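Presented below is the structure to which this report refers.
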Amino acid sequence: MIDPKIIKERPEIIRKMLSDRHVSFDLDLMLSLDSKRREMITKTDDLRKLKNNMGGDIAAKKKSGQNAESLITEMQKVSQELQKLESDQVKTEQEFDKLVMTLPNLIHESVPIGIDDSANVVIKSWGVVPKFDFVIKDHIDISRELGLVDLERAAKTAGARFYYLKNNLVRLNQALIHFALDFLTEKQYGLIQPPYMINRNSMEGAIIADDFENVIYKVQDEDLFLIGTSEHSIAAMHSDEILEGKDLPIRYAGVSPCFRKEAGAHGRDQKGIFRVHQFEKVEQYVFARPEESWSEHEKMLAIAEEFYQKLEIPYRVMLLSSGDLGKVSAKTYDIEAWMAGQNSYREIVSCSNCLDFQTRRLKIRFRDKTNEQTQYLHSLNSTLVATTRTLVAIIENFQTKDGHISVPKPLQKYLEANII
RNA sequence: GCGGGGGUCGCCUAGCCUGGUAGGGCGUGGGAUUGCUAAUCCCAUGUCAGCAAUGACCCGUGGGUUCAAAUCCCAUCCCCCGCGCCA
């Protein structure tokens with residue numbers, strides 16, 4: 001949620017953001033609802049004041065043994081009138097909230113303006129794209145031939161975009177998680193294994209309405225939703241809290257399975273384990289002071305880069321354009337890894353600064369001294385590793401002439417093998 | 001799942017039986033005072049509306065009763081203790 005002060009006082013900023021994002025949104029309706037609700041607050045407040053005063057008078061009369069009947073009948077009328085006004089006010093408030101909760105975040109000035117991913121900018125590239133002196137295969141063929149994956153049976157039992165990992169691919173998957181946790185522990189991150197299901201209120205804090213539709217699975221008959229990433233759980237973890245300034249920044253390494261509907265991705269990456277409904281992820285999630293969030297953002301990207309450098313996976317860093325930017329994010333870097341089997345760079349990391357957008361929704365504030373005014377924190381999130389996609393990169397880039405996979409150096413100790 | 005206890009403005013706590021609109025302590029900040037790094041006293045310390053003066057709201061959450069609800073009634077969530085069941 002954007003600071004209501006900005007919405008009220010600088011609507012032109014909101015208007016520009018909406019056009020830069022190419023999002024249709026009835027800003028004028030929201031502005032008129034906002035002023036209407038402010039008016040109604042004043043009205044009901046006045047009536048409540050009257051009511052409070054009358055209540056005091058009645059109490060005083062009763063105490064001194066006087067008759068308060070006429071005051072009481074008058075008060076009945078006031079109460080009725082207030083009730084009517086209040087229900088109107090609540091209605092207006094709800095309409096406003098509903099709208100404001102779908103309003104996307106502001107955009108940072110460094111973000112390139114553009115219609116979609118074609119306007120994304122390559123920030124840098126790292127590593128050398130591997131050359132092969134044999135005909136290479138994609139991850140599906142390699143892992144199938146090595147007995148590492150069963151997609152057909154997964155389709156039978158669960159549907160498309162599911163998979164059974166088998167044998168050493170299970171170990172490789174776990175090795176990635178293990179390595180990622182060790183790596184972030186070294187960087188002083190606190191480890192978090194969060195709830196894999198959270199309630200609506202918490203989910204609404206982390207995401208925007210249309211994500212419910214397109215990415216989030218709901219549990220039948222329960223107020224529970226499967227998380228699309230540990231970001232969702234961790235964002236809500238400190239909701240309604242006032243944190244102490246001395247503890248900041250708070251850096252969490254979340255590890256969890258991720259569940260995604262992938263609605264609207266029909267036909268794309270249909271085969272294999274690149275785009276799936278379920279995978280494991282180690283995530284960086286940081287709560288920072290507003291003035292520190294941009295430097296934290298760069299740090300998180302650097303940490304993610306270091307991880308892929310250690311794995312020796314070539315990548316490039318993309319700065320997402322306004323049209324490709326997620327609705328809760330003010331600025332996002334993607335890391336795209338080279339995937340030999342697809343002969344292209346594909347997204348494996350998304351690193352975003354959400355400013356106070358999530359923390360306002362979740363009421364996560366901080367202060368240094370207990371008598372100070374509280375401030376909203378900034379929240380940032382970045383993939384460290386989403387296992388399936390990184391597995392694709394490893395399988396395809398590290399394939400050998402005889403159809404095996406050599407294990408990246410940092411993972412060898414976890415796997416107790418250097419070739420699969 | 002059953003029985004009992006509990007959830008109060010950052011933290012601790014009073015008030016609930018007997019309805020009249022949240023009091024105290026700690027912490028933190030500011031001020032006053034006394035010849036000194038101490039003590040004492042005063043003020044401030046959540047949310048919303050408002051330029052402000054002010055005012056409204058806030059007792060886990062949602063309903064209800066009432067002129068009036070932290071307080072009474074109903075529902076619901078969470079925590080603690082005991083019993084049961086169980087990976």
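Letters A, B, ... are given to chains in the order of the sequence lines, protein chains preceding strands, and every chain is numbered from 1. Note that the structure is predicted; figures quoted are calculated from it, not measured.
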Quiz item: Which of residues 35-42 of chain A sit near RNA chain B, with a heavy atom under 4.0 Å from it?
Solution: A:R37, A:R38, A:I41, A:T42
Quiz item: Expressed as a whole number of Å, how far does the P atom of B:C11 sit from that of B:G46?
Solution: 13 Å
Exercise. Determine the sole option in A:R346, A:R389, A:R161 for which the side chain to side chain donor-acceptor pair (under 3.5 Å) test with A:D269 is passed.
Key: A:R346
Quiz item: With a 4.0 Å cut-off on heavy atoms, is A:K8 in touch with a base, just the backbone sugar-phosphate, or nothing at all?
Solution: sugar-phosphate
Quiz item: Whole Å only: how far is the CZ atom of A:R361 from the P atom of B:U47?
Solution: 20 Å
Quiz item: Near A:K43 NZ, under 6.0 Å, is it more than 12 heavy atoms from other residues, nucleotides or ligands?
Solution: no
Self-check item: Residues A:F183, A:F307; criterion ring-ring contact (aromatic ring centres under 6.0 Å, His included); working and verdict
Solution: CA-CA 8 Å; A:F183 179 79; A:F307 185 79; 5.5 Å; yes
Quiz item: Does B:C51 pair with anything, Watson-Crick or G-U wobble, both distances under 3.5 Å, and if so, with which nucleotide?
Solution: none
Quiz item: Using 30° and 60° as the class limits, which term best fits the ring planes of A:W294 and A:H108: parallel, tilted or perpendicular?
Solution: tilted
Self-check item: Value in whole Å for how far the C1' atom of B:A68 lies from CD of A:Q83
Solution: 13 Å
Exercise. Using a 4.0 Å cut-off on protein heavy atoms (strictly under), produce a 5'-to-3' string for nucleotides 12-22 of chain B with B for base contact, S for backbone-only sugar-phosphate contact, and - for none.
Key: --------B--
Quiz prompt | Between B:A75 and B:C85 - C1' atom distance, rounded Å | solution = 27 Å
Practice problem: Please state how far atom NZ in A:K5 lies from atom C1' in B:C51, giving the value in whole angstrom units. | Solution: 12 Å
Self-check item: B:C36: pairing nucleotide in any strand, Watson-Crick or G-U under 3.5 angstrom
Solution: none
Quiz prompt | For B:A68, the Watson-Crick or wobble counterpart (both distances under 3.5 Å) | solution = none
Practice problem: With a 3.5 angstrom cut-off on both distances, give the Watson-Crick or G-U wobble partner of B:G3, or none if there isn't one. | Solution: B:C81
Self-check item: Atom P, compared across B:C48 and B:G10: separation rounded to whole Å
Solution: 14 Å
Quiz item: Where each residue is assigned the nucleotide of RNA chain B containing its nearest heavy atom, which of A:T73 and A:T374 is assigned the position nearer the 5′ end?
Solution: A:T374
Self-check item: B:C17 and B:G6, which share atom name P, separated by this distance in whole Å
Solution: 14 Å
Self-check item: Those residues that, when tested against A:K36, pass side chain to side chain contact (heavy atoms under 4.5 Å, CB included) (two or more places apart)
Solution: A:M40, A:T92
Quiz item: So which heavy atom on A:L415 is nearest to which on A:A175, and how close?
Solution: CD1-CB, 4.0 Å
Exercise. Considering only atom P, compute the distance from B:A14 to B:G62 and round it to an integer number of Å.
Key: 24 Å
Practice problem: Round to the nearest Å and state the distance from A:D34 atom CG to B:G50 atom P. | Solution: 8 Å
Quiz item: Can you tell me the Watson-Crick or wobble partner of B:C58, both distances under 3.5 angstrom?
Solution: none
Self-check item: Pair partner, B:G23 [Watson-Crick or wobble, under 3.5 Å]
Solution: B:U13
Quiz prompt | Euclidean distance, atom CZ of residue A:R367 to atom C1' of B:C11 [Å, nearest integer] | solution = 11 Å
Self-check item: Span that lies between the C1' atom of B:U71 and that of B:G27, in whole angstrom
Solution: 29 Å
Quiz item: Rounding to the closest angstrom, what is the interatomic distance between B:C51 and B:A44 at atom P?
Solution: 24 Å
Quiz item: If you find the nucleotide of RNA chain B closest to A:P4 and the one closest to A:R48, which residue's nucleotide is nearer the 5' end?
Solution: A:P4
Quiz prompt | Paired nucleotide for B:G29 [Watson-Crick or G-U wobble; both distances under 3.5 Å] | solution = B:C43
Quiz item: Rounded to the Å, how far apart are A:K246 NZ and B:C11 P?
Solution: 14 Å
Practice problem: Give me the ring orientation class for A:Y414 and A:H178: parallel if the planes are under 30° apart, tilted from 30 to 60°, perpendicular past 60°. | Solution: tilted
Quiz item: Do other residues, nucleotides or ligands put more than 12 heavy atoms under 6.0 Å from A:Q80 CD?
Solution: no
Quiz prompt | Rounded P spacing from B:U21 to B:C59 in Å | solution = 16 Å
Quiz prompt | Length of the NZ-C1' vector between A:K363 and B:U47, whole Å | solution = 9 Å
Exercise. Provide, to the nearest angstrom, the distance between the CD atom belonging to A:E9 and the P atom belonging to B:C51.
Key: 9 Å
Quiz item: Is it true that atom CD of A:E416 has more than 12 heavy atoms of other residues, nucleotides or ligands lying nearer than 6.0 Å?
Solution: no
Quiz item: For atom CZ of A:R251, is the number of surrounding heavy atoms from other residues, nucleotides or ligands below 6.0 Å larger than 12?
Solution: yes
Quiz item: Just wondering, do A:Y333 and A:M300 contact through their side chains at under 4.5 Å, heavy atoms?
Solution: no
